[in-house]
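Note sheet for the following structure.
Just so we're clear, the structure is a prediction, and the values are computed from it rather than from any experiment.
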Amino acid sequence: MIINHPLLGPRDSAEFVYLGDASLIDRPDPETATPEDWHAYAYLRDNVAGDMRELWFHEGGDRSWLVVTRNTLTHEVSKVEMACDVARAQGRSK
């Protein structure tokens, strides 16, 4: 599988580590989160058959985090974004 890195161009997926559902970017606010919020964040994940946004870490390269939209049935990658850009677009600064 080829991941088209936004900065480095097409890279083999062997350079990356899959880290799961990209909803991990939406971590609860430590000031207001309840134990139930933290439980849902840590343990409850979608596992869809079809297009899914996933976190990938470029371990064998520039060590960047990416949000990859991938079809879990065909492994077709339809979109690759820098995770920091996705987080900023969602209002996260850290």
Under the side chain to side chain contact (heavy atoms under 4.5 Å, CB included) rule, what do Arg53 and Glu81 come out as? Steps first, then yes or no, please. CA-CA 10 Å; Arg53 293 178 77 210; Glu81 306 164 271; 3.5 Å; yes
Test side chain to side chain contact (heavy atoms under 4.5 Å, CB included) on Asp62 and Leu8 and set out the steps. CA-CA 9 Å; Asp62 68 345; Leu8 305 175; 3.8 Å; yes
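Put simply, the side chain of Asp21 does not reach to within 4.5 Å of the side chain of Leu55, judged on heavy atoms. The shortest side-chain heavy-atom distance between Cys84 and Trp65 does not fall under the 4.5 Å cut-off. Side-chain contact check for Leu66 versus Pro6: some heavy-atom pair is nearer than 4.5 Å. A 4.5 Å side-chain heavy-atom check between Ser64 and Met82 finds at least one atom pair inside the cut-off. Side-chain contact check for Met52 versus Thr69: every heavy-atom pair is 4.5 Å or farther apart. Contact annotation: the side chain of Met1 never approaches that of Arg11 to less than 4.5 Å [non-hydrogen atoms, C-beta and beyond]. Taking the side chain as every heavy atom from C-beta outward, Ile25 and Val67 approach each other to under 4.5 Å. Counting heavy atoms from C-beta outward, Glu76 and Arg70 have side chains that stay 4.5 Å or more apart.
In the hydrophobic cluster analysis, where Ile, Leu, Val, Met, Phe, Trp and Tyr join through side-chain heavy atoms closer than 4.5 angstrom, Val86 is grouped apart from Leu7. Linking Ile, Leu, Val, Met, Phe, Trp and Tyr whenever their side-chain heavy atoms come within less than 4.5 Å puts Val17 and Leu24 in one cluster.
Closest approach of Val77 to Ile2, counting heavy atoms only: CG2-O, 3.9 Å. Between Ala49 and Thr72, the shortest heavy-atom contact is CA-OG1, 3.5 Å. The two residues Trp38 and Pro30 have their closest heavy-atom pair at CZ2-CA, 4.0 Å.
The side chain to side chain donor-acceptor pair (under 3.5 Å) check on Thr34 picks up Glu36, Asp37, with sequence neighbours excluded.
A donor-acceptor pair is defined here as one N or O able to donate and one able to accept, closer than 3.5 Å; no such pair exists between the side chain of Asp46 and the backbone of Val48. Arg45 contributes a side-chain N or O that, together with a main-chain N or O of Tyr41, makes up a donor-acceptor pair within less than 3.5 Å.
Atom CD of residue Glu54 and atom CG of residue Asp51 lie 10.0 Å apart, to the nearest 0.5 angstrom. From Asp12, atom CG reaches atom CD1 of Ile3 across 8.5 Å, with rounding to the nearest 0.5 Å.
Counted within 6.0 Å of CG on Asn47, heavy atoms from surrounding residues, nucleotides or ligands total 12 or fewer; the atom is thus considered open.
Identified under the ring pair (Phe, Tyr, Trp, His ring centres under 6.0 Å) test for residues 9-36, with sequence neighbours left out: Phe16-His58, Tyr18-Trp56.
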